Amino acid sequence: MKHTDIKTVLLDAGKVGEDVAVCGWVRTFRDSAQVAFLELSDGTSFSRLQVVIDKSSLTLDPECTKLGASVAVKGKVVKAYKGEGNELNAQEILLLGKCPAEYPIQKKRTTLDFLRGIPHLRLRTNTFQAVFRVRSAAAQAIHRYFHEHGFYYINAPLITASDCEGAGEMFRVTTQPWNAKYASEEEYFKNDFFGVKAGLSVSGQLEGEVAACALGRIYTFGPSFRAENSNTTRHLAEFWHVEPEVAFAELPEVIELAEDLLKYLIKSILDECGEEIAFFDKFVENGLREKLEHVANSEFAVCSYTEAISILEKKNSEFKFPVHWGSDLQSEHEKYLTEVVFKRPVFVTDYPKEIKSFYMKQNADGKTVAATDLLVPGIGEIIGGSEREADLEKLQTAMRERGMGEAAYAQYLDLRKFGSVPHGGFGLGFERFVMYVTGIENIRDVTLFPRSVKNIM
Ligand code: ATP
Ligand code: MN
């Protein structure tokens with residue numbers, strides 16, 4: 001159906017006086033003696049279009065006035081009677097689809113909790129439309145940033161035979177019948193589709209390193225899968241992962257890239273999604289815009305793991321999990337550092353090698369690795385990255401210490417054998433970023449159909 005976007009009708013002063021057709025869903029209906037008003041939304045803009053109906057010249061099908069009904073309206077664009085922008089004087093209203101009263105998106109029941117039970121309809125609400133417009137703008141900005149900075153966009157495979165160790169449990173990929181019986185695990189996998197145990201990738205990093213060690217600067221942006229058994233508000237079984245990898249870069253450049261990327265993304269969102277941010281500021285996180293403006297214009301903090309532990313140890317009596325040098329940081333510690341101590345995003349660097357992955361560059365102290373996590377208020381870890389170990393022997397030692405077989409990593413080791421270079425990168429959880437810029441507190445509310453333990457609606 002040929003029609004004009006509501007956004008254009010609303011905002012384009014040049015449209016005033018023109019006859020147009022618009023399509024959309026009814027969001028409100030108000031009636032009075034002579035005139036009636038329909039507010040329509042078609043997803044193109046946050047604001048709705050007001051359709052003015054002169055009841056003396058147009059009889060209105062009551063079905064066209066029901067919340068959630070879809071209609072097409074032909075009319076003349078006029079300057080809004082009140083406020084800015086334009087509205088539409090209706091000449092003809094056509095019902096596209098009825099919406100009976102059991103439509104679950106009624107004003108009084110719309111808590112995020114309730115809406116999680118109807119993922120296919122929750123996008124009709126203001127909140128979810130705003131989330132997904134911001135999410136789209138963020139994705140576009142990510143590609144733009146990397147394109148403008150000379151990064152190649154790489155697509156890493158999603159099915160893999162190697163577990164990027166330390167990142168969590170892998171989902172298995174199989175075509176075996178559910179009751180297949182074999183004498184041993186080896187027999188079982190030999191018979192499977194790939195002839196070996198295969199799974200869904202937890203990260204594109206290993207392949208990203210392959211690409212960076214030839215193309216220089218690359219990034220991947222795609223789904224990662226983790227059979228996370230923890231039911232937190234920050235973990236999904238399927239999430240989108242932004243993973244740049246840079247040849248000839250050491251840890252400080254990795255940190256610089258992460259900070260620059262985040263600031264660029266935040267500025268893009270502030271520029272492009274003003275209405276959405278204003279909405280979240282009002283209804284979801286008071287002070288959001290100010291927070292984002294501040295973050296975009298101030299320096300992130302940097303703090304070594306060792307310093308972080310000495311700060312945290314002073315508060316051990318208040319933590320559920322007291323820390324000492326060597327402990328992994330829990331969410332409560334991460335939040336304390338970024339929210340209470342630094343009050344801004346903070347890069348924690350140089351973690352004990354025992355709590356980090358085998359591939360991270362070993363520091364000269366023999367105890368720590370050149371890794372960094374970026375912690376942000378409200379969420380905790382949003383980025384995990386490191387310089388990678390470029391020395392073949394050190395990498396082999398780290399793998400032996402973890403009982404990892406070399407055979408599965410022969411290609412990865414070859415990168416260190418043939419023209420090895422210092423390199424590094426990081427992984428940014430895309431949904432966690434969307435949470436951060438919208439103030440939405442549950443990761444299930446920033447993804448279309450969230451997948452988590454016992455939940456695949
Ligand atoms: P966490 O400690 O929060 O589980 P992680 O250390 O497992 O994170 P990494 O393996 O470093 O995370 O992954 C890089 C980034 O990917 C994380 O900083 C986070 O933003 C994101 N991420 C990791 N796991 C998940 C998940 N299950 N759901 C959503 N995002 C995730
Ligand atoms: Mn994890």
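Everything numeric in this text was worked out from a predicted model, so none of it was measured. We count ligands from 1, going down the list as the structure has it; atoms in each ligand are counted the same way. Starting from 1, each residue takes its place in the sequence as its number.
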Kindly confirm or rule out an N or O of I382 lying under 3.5 angstrom from an N or O of ligand 1. yes
Closer than 4.0 angstrom, basic N to acidic O: yes or no for R122 and D445? yes
Out of V202, D373, L374, L236, whose heavy atom is nearest to atom 28 (N) of ligand 1? L236
Where on H235 is there a heavy atom closer than 4.0 Å to ligand 1, on the side chain, on the backbone, on both, or on neither? both
Ignoring angles and geometry beyond distance, decide whether E431 reaches within less than 3.5 Å of ligand 1 through its nitrogen or oxygen atoms. no
If the plane angle is over 60° it's perpendicular, under 30° parallel, otherwise tilted; pick one for Y409 and Y412. perpendicular
Checking heavy-atom distances from atom 24 (N) of ligand 1 to each of E334, R234, R226, the winner is R226
N or O contact, F239 vs ligand 1, cut-off under 3.5 Å: no
Y219 pairs by ring-ring contact (aromatic ring centres under 6.0 Å, His included) with which of F146, Y152, Y145? F146
Would R388 and E245 pass as an ion pair if we require N to O under 4.0 Å? yes
Going by the order shown, which atoms of ligand 1 are within less than 4.0 Å of some heavy atom of I443? 29 (C)
Assess whether ring-ring contact (aromatic ring centres under 6.0 Å, His included) is satisfied between F430 and F239, documenting all intermediate values. CA-CA 7 Å; F430 185 50; F239 68 98; over 10 Å; no
